[in-house]
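Here's the structure we're looking at; comments come further down.
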Amino acid sequence: MDAARTARDLDAWFAANARDLPWRRDHDPYHVLLAEFILQQTRMETGVRYFHELLRRFPTLRDLAGANERDVLAAWSGLGYYRRARNLHATARRIVRELGGRIPSDVDALEELPGIGPYTAGAIASIAFDRPATSLDGNQIRVLSRVLGLGRPSNKQGGRQVRAFAERLVATASPRRVNQALMDLGSTICLPDRPRCRACPLAASCRSAGRAWPPRRKEGPAPGERWTAELWARGGRVWLTPPRGKGLLGDLWLPPMRPARASDPSDGIRHVFSHKRWHVATLRRHGTPTGKGRWVSMEALRGLPHSALTRRLMAWALGGAPAGHAVWVTPRRATVRRAGTGTATGSRSARSKTRLR
DNA sequence: TAGGCGTGGGG
DNA sequence: TCCCCAAGCCT
C-alpha cells in the first residue's frame, strides 16, 4: 500500500471536510489533553458539551491542578467512567508539580502519566505538537484494516500491519492532520457496519472498497442485578449518601441502595452499564433516614460528584418518572437473569473492543 | 489478558 | 424493546 498517496488523499479530504471542534482551533496542549480524556469511549456530541463545561470551570491546567478532586468529579458528573476524572486531575497535578506545568510532547513521557495510554499519548503528541506519533483508536484501526484489506481487526498479524502502516503515514505527512483525518473518516464515512465507500477519498486504493465485513457475532445481554433504592424526599430535596470509595459508582453520591429483597416493590428504573444492567426498585420512604448522608436538591446536586443514576432516582423521588425514561413494571414473581445464565455466545470483551497487539 | 468501568443516542 | 455502540485505560 502506498503510504504517500494515502497520506496525500487524507490531507486533501481533511482540508475540505474537517469537523470544526473547539480544540482544533488553537491546538492548545491543555485543550487537546482535556478533550482526549473526555473522548475516551465517549461520543463527540456529548464530549463537546463537557469540554466547554470543564474548560469553563478549569480554564487552565493550573486551575485544574489546584482544584479539589471532588470538584473535578462534580464537573465530570453524568459523563461516566469516573476514573478518567481522577486520572485527569492526577495528571494535571503531576505536570504542574513535576514538569513545570508544561505538557510533554513526547509519547513516552505522556504515557507515564495516569490515564494516558498508547492512544491518548499519540493523540496529544500529534494533535497538540504535530509530532510523528500514531494514535490508533477504534476508528483508525477499522479504517486502516479496511484499506489494507485485512478484515476485522482481531488477529495479531493485522495488528502489526496496521501499526506499521500508521507509522509510515505519520512519517510521511503532518501527523496532526493525518491522525485527525483518519478519525473523522472513521466516524463519518468508514462506518463500522455500513461504510459509505462512494464518498471515501481512499476508495480508489482501498483493498476493501465496496465490501462490508461479515456481521459481528452476537452476544447475550449483560448480566442483570436487582437493587432497591430507598428514597426519602422532603421539601424538594432527597436523602443521598456519600461515596463508598470503591466499586461501580463508588466515587459518587447516591440514594441509599441495597440488594433487592423479594418483598420489595417491582416498580423502578432500569439502568444499563457497559457490563451489567441494574433493575433498581424505587421504594418511597417516610420518616427520618439514619446513617451518613445529606438532603440534596437538584440544584445542589451540581456541586456533588454524582451519576446519571442519581439524577434519575432523584427525579423519581421528587415527582415521578422523568420524561424520556421508561419505567419498568414487572410481575411480582418476575425473574431477572443472573450472571452466567442466558444466551451469551461469546466473551463480552470480544464484542466491541478492537485492540492491537 | 480479560474483565471492570458509564452514558445517551441510534438502528 | 433491545442491542450496539463511541477518540481506552488499568489491573
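Every value quoted in this text rests on a predicted model; they were computed, and no experiment measured them.
Phosphate contact (OP1/OP2 of B:dG4, side-chain N/O of A:Tyr81, threshold under 4.0 Å): absent. Listed pair A:Gln41 / C:dG8 meets the phosphate criterion, a side-chain N or O lying under 4.0 Å from OP1 or OP2. For B:dG8, neither phosphate oxygen OP1 nor OP2 lies less than 4.0 angstrom from any side-chain nitrogen or oxygen of A:Arg49. Contact annotation: A:Arg277 reaches the phosphate of C:dC3 (side-chain N/O to OP1 or OP2, under 4.0 Å). When the side-chain nitrogen and oxygen atoms of A:His275 are compared with OP1 and OP2 of B:dC5, one or more of them lie within a distance under 4.0 Å. The side chain of A:Ser187 places no N or O atom within less than 4.0 Å of a non-bridging phosphate oxygen (OP1 or OP2) of C:dA6. At least one side-chain nitrogen or oxygen of A:His271 sits closer than 4.0 Å to the OP1 or OP2 atom of B:dT7.
The interatomic distance linking A:Arg142 (CZ) with C:dC4 (P) rounds to 16 Å, in whole Å. Put simply, CD1 on A:Ile269 is 14 Å from C1' on B:dG8, counting in whole angstrom units. Spacing between atom CD1 of A:Ile141 and atom C1' of C:dA6 amounts to 13 Å, rounded to whole angstrom units. As rounded to whole Å, 13 Å separates atom C1' of C:dA6 from atom CG of A:Asp193. In this structure, the CG atom of A:Leu191 is 13 Å from the P atom of C:dC5, given to the nearest Å. If you measure from atom NZ of A:Lys246 to atom P of C:dC10, you get 22 Å, rounded to the nearest angstrom. Spacing between atom CZ of A:Arg194 and atom P of B:dG10 amounts to 16 Å, rounded to whole angstrom units. The interatomic distance linking A:Glu112 (CD) with C:dC9 (P) rounds to 14 Å, in whole Å.
No contact: A:Ile38 has no heavy atom under 4.0 Å from any strand. If you check every strand for non-hydrogen atoms under 4.0 Å, A:Arg86 touches nothing. Within the 4.0 angstrom heavy-atom criterion, no nucleotide atom of any strand lies near A:Ala123. Counting any heavy atom pair closer than 4.0 Å across all strands shown, A:Gly78 reaches sugar-phosphate atoms only and no base atom. Looking at heavy-atom distances under 4.0 Å, A:Gly247 makes contact with sugar-phosphate atoms alone, never a base. Within 4.0 Å (heavy atoms only), A:Trp76 reaches no atom of the nucleic acid at all.
Comparing A:Thr46 and A:Lys276 by the nucleotide of DNA chain B that holds the closest heavy atom to each, the one mapping nearer the 5' end is A:Lys276. Comparing A:Trp23 and A:Glu111 along DNA chain C, the residue whose closest nucleotide (by nearest heavy atom) sits nearer the 5' end is A:Trp23. Of the residues near DNA chain C, A:Leu39 and A:Ile116, the one whose nearest nucleotide (by heavy atom distance) lies more toward the 5' end is A:Leu39. Of the two residues contacting DNA chain B, namely A:Arg83 and A:Arg43, the nearest-nucleotide position lying further toward the 5' end is that of A:Arg83.
Side-chain proximity of A:Thr120 to the nucleotides C:dC2, C:dC9, B:dG6 is greatest for C:dC9. In the set C:dC2, C:dG8, B:dC5, C:dC2 carries the atom at the smallest distance from any side-chain atom of A:Arg270. Nearest nucleotide to the A:Asp137 side chain, out of C:dC9, C:dG8, B:dG6: C:dG8.
Residues A:Ala181 and A:Trp13 share a closest heavy-atom pair of O-CZ3, 3.6 Å. A:His31 approaches A:Phe51 most closely through the heavy-atom pair O-CE1, 3.3 Å.
For the P atoms, the distance linking C:dT11 with B:dG6 amounts to 14 Å, nearest Å. With P as the reference atom, C:dA6 and B:dC5 are 22 Å apart, rounded to whole Å.
The base of B:dG6 is not paired with the side chain of A:Ser307 by any donor and acceptor separated by under 3.5 Å. Counting atom types as modelled, A:Thr42 pairs a side-chain N or O with a base atom of B:dG6 as donor and acceptor under 3.5 Å.
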- Under the side chain to side chain contact (heavy atoms under 4.5 Å, CB included) rule, what do A:Leu33 and A:Thr91 come out as? Steps first, then yes or no, please. CA-CA 10 Å; A:Leu33 180 147; A:Thr91 278; 4.3 Å; yes

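The 12-atom threshold is not exceeded at CZ of A:Arg302, counting heavy atoms of other residues, nucleotides or ligands nearer than 6.0 Å.
Between A:Arg24 and A:Asp184 there is a salt bridge, since at least one side-chain N of the basic residue sits less than 4.0 Å from a carboxylate O of the acidic one.
Judged by the 6.0 Å and 45° rule, A:Arg294 forms a cation-pi pair with A:Trp253.
The aromatic rings of A:Phe273 and A:His275 sit tilted relative to each other, their planes meeting at an angle between 30° and 60°.
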